[in-house]
Structures are given as structure tokens and as C-alpha cells.
Amino acid sequence: MTLAEEPHRHTWGAALRDAVRPPVLRMLFLGFSAGLPILLIFSTLSVWLREAGVDRATVTFFSWAALGYSFKFVWAPLVDRLPLPALTRLLGRRRGWLLLAQLALAGAMLWTASFDPQHALTLTGIGAVLIGFSAATQDIAIDASRIEAAEPELQSMMAATYIAGYRIGMLV
């Protein structure tokens with residue numbers, strides 16, 4: 001009986017072996033990269049704006065930057081089906097979208113951090129919206145990649161590892 005034909009064993013040893021498999025470990029790091037921006041735009045941004053002297057009404061208005069997460073179902077089918085010309089050819093559709101989302105996310109974070117919100121509130125707001133949109137796009141690409149990266153027996157371990165990385169990213 002080959003490994004693929006062997007029934008999945010539910011033992012501690014099997015769980016530990018699954019936990020260190022490359023696709024599972026990748027999910028830990030991808031979860032970290034997904035958890036980092038969510039807390040950034042949900043709470044850290046608010047604290048930063050308040051410390052910069054931005055009034056509460058405006059800080060509350062910045063919560064709209066996180067709407068990308070609420071509406072990612074709108075563009076998820078596009079991310080699922082549309083190839084990115086050079087990146088898809090080079091990396092494949094999932095990895096191409098993931099790289100684009102991560103580069104956009106890093107750029108949006110640098111953009112947002114480079115402005116003083118007291119003097120460039122609009123530019124800070126644009127950066128916050130770009131962070132939300134890029135992070136939501138990254139979530140879409142990671143979810144699709146996770147589902148396709150391993151066999152069904154490994155999906156629960158990959159989801160758990162992704163959430164652990166996500167929580168660590170949020171704490172950082």
C-alpha cells in the first residue's frame with residue numbers, strides 16, 4: 001500500500017509529522033503575513049492618528065479603510081480566474097497573485113508610514129485603504145493556495161497553522 005492509499009492515521013506522531021511538512025510550515029508564514037496588516041488598520045492606525053492629533057470623528061472615518069475585508073467576495077472571483085500576464089507565467093496564478101498582493105501591501109505600508117497624518121491626512125487615508133485592499137487580496141490568494149497546496153487530509157492542519165501564524169502576526 002502506498003502512502004497515498006494508506007488511510008490517514010489519527011495519532012500524535014502523525015500530527016507532529018504533518019505539522020513540519022513544508023506546505024504546513026508555509027501556511028505559518030503566510031498566516032503571519034496576513035495577520036500583520038489586519039490589526040494595523042483596525043487598531044494601530046487609530047492609535048497613531050489619535051497621537052498625531054487627528055480628531056475622533058476623522059479617526060472613526062478611517063475605519064472604512066478596512067472595508068476591503070468585508071467586500072473581498074466581490075473581487076475574489078477575479079483573483080481566482082484572471083491570470084497576471086508575467087507573474088502567472090513565471091510563478092503560476094496563485095503565487096503570482098500572492099506576490100502582487102504582498103508587494104502592494106508592503107508598498108502601501110511604506111506609503112502610509114511616510115506621511116505625517118497631521119499634515120497629509122488624505123495621503124495617509126489613501127495608504128490605509130490600499131493596505132486594506134491589498135491585505136484582503138492577499139487573504140484571497142492565500143485561501144486559494146491553501147486549498148490547492150495539499151491533500152484533504154492535511155487541510156485541517158494547514159488551516160490551524162495558518163490561524164496560528166495569523167494570530168502571531170496580529171500580536172506583532
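Because only heavy atoms are used, hydrogens play no part in the values below, and waters and symmetry mates are left out as well, while side chains stay in.
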I131 side, atom CD1; L45 side, atom CG - distance, nearest 0.5 Å: 7.0 Å
Please check if any side-chain donor atom of W97 sits under 3.5 Å from a side-chain acceptor atom of T137, or the reverse. no
With side chain to side chain contact (heavy atoms under 4.5 Å, CB included) as the criterion, how do R56 and R50 come out once you've worked through the C-alpha distance, each side chain's angles and the decisive distance to 0.1 Å? CA-CA 7 Å; R56 286 198 187 278; R50 288 297 302 144; 3.7 Å; yes
Which value, rounded to the nearest 0.5 Å, describes the distance between L36 atom CG and I41 atom CD1? 11.0 Å
Less than 4.0 Å between a side-chain N and a carboxylate O, is that true for D80 and R94? yes
Can you confirm whether more than 12 heavy atoms, excluding those of R167, are under 6.0 Å from its CZ atom? no
Test side chain to side chain contact (heavy atoms under 4.5 Å, CB included) on L99 and R95; report intermediate values, then the result. CA-CA 6 Å; L99 179 62; R95 288 183 183 155; over 6 Å; no
Is the backbone N or O of A150 less than 3.5 Å from a side-chain atom of Q155, with the two atoms forming a donor-acceptor pair by type? yes
When hydrophobic residues are tied together by side-chain contacts of less than 4.5 Å, even through go-betweens, does M27 share a cluster with I163? yes
Checking T112 against W48 for the side chain to side chain contact (heavy atoms under 4.5 Å, CB included) test, could you report, in this order, the C-alpha distance in whole Å, the side-chain angles of both residues, the deciding distance, and whether it holds? CA-CA 11 Å; T112 306; W48 183 47; 3.8 Å; yes
Is there a path of hydrophobic side-chain contacts, each under 4.5 Å between heavy atoms, that joins I168 and V24? no
Gap separating the CE atom of M170 from the OG1 atom of T44, nearest 0.5 angstrom: 9.5 Å
Residues L130 and A108: closest non-hydrogen pair is CB-CB, 3.7 Å
When rounded to the nearest 0.5 angstrom, what is the spacing between OG1 in T161 and CZ in R146? 10.5 Å
Common cluster, I140/Y69, ILVMFWY with side-chain heavy-atom separation under 4.5 Å: no
Mind listing the closest non-hydrogen atom pair of P117 and A52 along with its distance? CG-CB, 3.6 Å
Main-chain N/O of V54 paired with Q118 side-chain donor or acceptor, under 3.5 Å: no
Can you name the residues that form a ring-ring contact (aromatic ring centres under 6.0 Å, His included) with F62, not counting sequence neighbours? none
Find out if a path of hydrophobic residues (ILVMFWY) with successive side-chain heavy-atom gaps under 4.5 Å connects I142 to M157. yes
Report the residues that fulfil ring-ring contact (aromatic ring centres under 6.0 Å, His included) with F115, sequence neighbours left out, ordered by chain and then residue number. W111
Using the side chain to side chain contact (heavy atoms under 4.5 Å, CB included) rule, take M109 and L40 through it: C-alpha gap first, then chi angles, then the decisive distance, then the call. CA-CA 9 Å; M109 286 179 175; L40 181 68; 3.9 Å; yes
T124 side chain vs A120 backbone, donor-acceptor pair below 3.5 Å: yes
Under a 3.5 Å distance rule, please check whether S33 uses its side chain to pair with a backbone N or O of L30 as donor and acceptor. yes
For E151, give me all partners under salt bridge (Lys or Arg N to Asp or Glu O under 4.0 Å), at least two apart in sequence or on another chain. R21
Keeping the roles fixed (side chain from S63, backbone from T60), state whether a donor-acceptor pair exists under 3.5 Å. yes
To the nearest 0.5 angstrom, please state how far the CG atom of L90 sits from the CG atom of L84. 11.5 Å
So how far is it from D139 CG to I38 CD1, rounded to the nearest 0.5 Å? 7.0 Å
Do F133 and L87 land in one hydrophobic cluster if side-chain heavy atoms of ILVMFWY residues count as linked below 4.5 Å? yes
